[in-house]
Engineer: 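Let me give you the structure first, and then I'll get to my questions.
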Amino acid sequence: MDIQALRHQQMMRAKEIIRTDDFEVMPPRLIAGADVGFEQGGDVTRAAIVILEYPSLKPVEFKLARIATQMPYIPGFLSFRETPALLQAWSQLELKPNLLYVDGHGISHPRRLGIASHFGLLVDTPTIGVAKKRLCGEYMPLDAGPDACQPLHHKDEQIGWVWRSKARCNPLFISAGHRISHDTALQWVKNVMAGYRLPEPTRWADAIASRRPAFLRWQQDNRITGL
DNA sequence: GCGACAG
DNA sequence: ATCTTGTCGC
């Protein structure tokens, strides 16, 4: 694989990212979370996308895709590794969300094309990047308390937010993905929190992609009750 | 040259 | 990311 070519592709596609609010529906009626996991020592990539209703935050559909892993993990090039599986899960969905939360960075990326931005561009849908670690940029130390927030900067521009979503937890790195502004991205993460460190769409997608026991139990229960 | 480095 | 038990703190 040619990293130089991928870097060039990122720089070109980053120019297509829309950083202003562009919701088809405001507020969105359907939101979604996307996450990727791995099996068998990394040979198999597993992508989950889950659709939730807003504002109830109840899941109404989910799809899981499994494909052979395409590429190794290289910081800054995550989307080339995870996007193929995500696209497959996306294509199987019967419902399409008005807003999608992606596990990883959006424009808070060295070339402004993290996985949330790249995937948002591919499926032409508003996206928000929700990452658990910094990839690039600098920020002022956060207050100890909950709800502490600082802008994330890189090369003299704001690329996102560092926000403590829950007391005594490490902060989240929130950034615009595609077709959304900084402020709206942060606002819509706050709008879908339910008392945990991660927003609900991300939490559900993670539970599905990683086969969490809590999700397997939920799935059993709802087959019986018919959801 | 050295350190940093989403998932 | 994934492999995994107990443990500390609210």
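Protein chains get the first letters and strands the later ones, always in sequence-line order, with residue 1 at the start of each.
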Engineer: Return the minimal non-hydrogen interatomic distance between A/Ala205 and A/Ala48, and the atom names on each side.
Structural biologist: O-CB, 3.8 Å
Engineer: Is any side-chain nitrogen or oxygen of A/Ser210 closer than 4.0 Å to OP1 or OP2 of C/dT2?
Structural biologist: yes
Engineer: So does A/Lys58 pair up with A/Glu53, basic N to acidic O under 4.0 Å?
Structural biologist: no
Engineer: Base, sugar-phosphate alone, or nothing: which one does A/Ile115 contact when heavy atoms must sit under 4.0 Å apart?
Structural biologist: base
Engineer: Take the protein atom NE2 of A/His154 and the nucleotide atom C1' of B/dA6, then report the distance between them rounded to whole Å.
Structural biologist: 14 Å
Engineer: Are A/Ile49 and A/Val123 linked, directly or through intermediate hydrophobic residues, by side-chain heavy-atom contacts shorter than 4.5 Å (ILVMFWY only)?
Structural biologist: yes
Engineer: Can you tell me the distance, in whole Å, between the CZ atom of A/Arg46 and the C1' atom of C/dT2?
Structural biologist: 10 Å
Engineer: Could you state the atom-to-atom distance from CG of A/Asp43 to P of C/dC3 in whole Å?
Structural biologist: 13 Å
Engineer: Answer yes if the ring centres of A/Phe38 and A/Tyr73 are under 6.0 angstrom apart, and no otherwise.
Structural biologist: no
Engineer: Contact class for A/Gly129 (heavy atom, under 4.0 Å): base, sugar-phosphate, or nothing?
Structural biologist: nothing
Engineer: Rounding to an integer number of Å, can you tell me how far A/His109 NE2 sits from B/dG7 P?
Structural biologist: 13 Å
Engineer: Which whole-number value in Å describes the distance from A/Leu86 CG to C/dA1 C1'?
Structural biologist: 14 Å
Engineer: Strictly below 4.0 Å: does A/Arg134 bring a side-chain N or O up to OP1 or OP2 of B/dC5?
Structural biologist: yes
Engineer: Going by ring centres under 5.5 Å and near-parallel planes (under 30°), is A/Tyr73 stacked on B/dG7?
Structural biologist: yes
Engineer: Mapping A/Arg168 and A/Asp206 onto DNA chain C by nearest heavy atom, which one lands closer to the 5' end?
Structural biologist: A/Asp206
Engineer: Given the rule that I, L, V, M, F, W and Y join up when any side-chain heavy atoms are under 4.5 Å apart, are A/Ile159 and A/Ile18 in one cluster?
Structural biologist: no
Engineer: Could you state the atom-to-atom distance from CZ of A/Arg81 to P of B/dC5 in whole Å?
Structural biologist: 19 Å
Engineer: I need the CZ-C1' distance between A/Phe119 and B/dA6, as an integer number of Å.
Structural biologist: 16 Å
Engineer: Taking CZ from A/Phe77 and C1' from C/dA1, how many angstroms apart are they, rounded to a whole number?
Structural biologist: 19 Å
